[in-house]
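Each remark here refers to the structure printed beneath this line.
Quick caveat, the model's predicted, so the values are computed rather than measured. Note that ligands are numbered from 1 as they come in the structure, with each ligand's atoms numbered from 1 the same way.
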Amino acid sequence: MPVICVTGATSGIGKAVVDRFVKEGWQVIAAGRRRERLEALEAQYPGKVLGMPLDVRNREAVSEAFASLPSDYAEIDVLVNSAGLALGLEPAQECSLDDWDTMIDTNIKGLTYCTRTVLPGMVERKRGHIVNIGSIAGTYAYPGSNVYGATKGFVLQFSRALRCDLHGTGVRVTNVEPGLLETEFSNVRFKGDDAKADSVYEGTEPLRPEDLADVVWWVSTRPAHVNVCEIEVMPTVQSLASSRVYKK
Ligand code: NDP
Ligand code: 8X3
């Protein structure tokens, strides 16, 4: 059975990817910090999901977690880097440096730690796929996107550079760039202010996590000679003409 490792598996896109790949018969390593949610996934999918409690910001913990995988999960075919977050929507001059550090440590450093850890095995096996969850915020700036958008700009350019380094190895890299999508993302961004989080999606029809699971499934199951490099996905109601790309 092929093996997929999903970071950010406790919520949103990552969780939907877990559900989808289990249903398609894959073995799934589900990584995240909230152990109770990982245990719930293991209970829901016995023998199909292995919970991997992990804070991706902790470099040693990342290395140990992957090194301790049981043999039937050790050869990872696809790594989905979905763990990530935005904090705040203030203009740069008012932002918290702690929030900026957290986004950089998670969205950039955590993603690079996980990727660097799984790559040698993939290269040795001459197969594998890194699927990064970037964002349209990595391409289009909007007021308050500052460091969040810049971390996703990093993910985009890192994905492109990885393809150069992996040239000839058979290992694939995809950057998936979602637009407006309803998950816990805005509750996290607004630090538990649910009313403010809900207002982001009011009167609109955002993407659903399952839509992104579809995209991840599609890019991961193309024939081995096909690499989908970048894929930008917005809800139909969102475009460069809408205030929700360059929103305030
Ligand atoms: P959610 O908040 O629903 O999920 C985020 C996931 O990231 C959770 O599973 C959380 O798990 C995990 N996570 C956060 N910090 C860490 C950490 N330090 N270590 C390990 N896991 C961590 O949001 P989404 O599903 O929407 O977000 C997933 C990705 O999609 C993110 O990278 C986000 O930037 C991106 N994205 C989201 C969009 C949106 O509008 N929702 C649009 C474009 C991109 P736990 O707390 O258990 O550790
Ligand atoms: C999340 C999408 O537009 O809120 O990456 O930045 S957006």
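Counting only distance, with no hydrogens or angles, the side chain of R222 and the backbone of W218 share a donor-acceptor pair below 3.5 Å.
The side chain of T106, and not its backbone, has at least one atom closer than 4.0 Å to an atom of ligand 1 (non-hydrogen atoms only; side chain from C-beta on). The proximity of K15 to ligand 1, defined as any non-hydrogen pair under 4.0 Å, does not occur for either the backbone or the side chain.
Each of the atoms 19 (N), 20 (C) of ligand 1 lies under 4.0 Å from some heavy atom of L54. Below 4.0 Å from some heavy atom of R189 lie the following atoms of ligand 2, by number and element: 4 (O). Residue I13 approaches ligand 1 through these ligand atoms, each under 4.0 Å from one of its heavy atoms: 25 (O), 30 (O).
Evaluated by nearest non-hydrogen atom to atom 44 (C) of ligand 1, the leading choice among G134, S82, A16, A9 is G134. By heavy-atom distance, the residue among S135, S145, G149 lying nearest atom 2 (C) of ligand 2 is S135.
At least one heavy atom of Y142 sits closer than 4.0 Å to an atom of ligand 2.
At least one N/O-N/O distance between Y148 and ligand 2 falls below 3.5 Å. In terms of polar-atom proximity, defined here as any N/O pair under 3.5 Å, L85 makes no such contact with ligand 1.
Under the salt bridge (charged side-chain N to carboxylate O under 4.0 Å, His left out) test applied with E184, the options R34, K15, K191 reduce to a single match, R34.
The cationic atom of R57 (NZ for Lys, CZ for Arg) does not lie both less than 6.0 Å from the six-membered ring centre of Y113 and within 45° of the ring axis.
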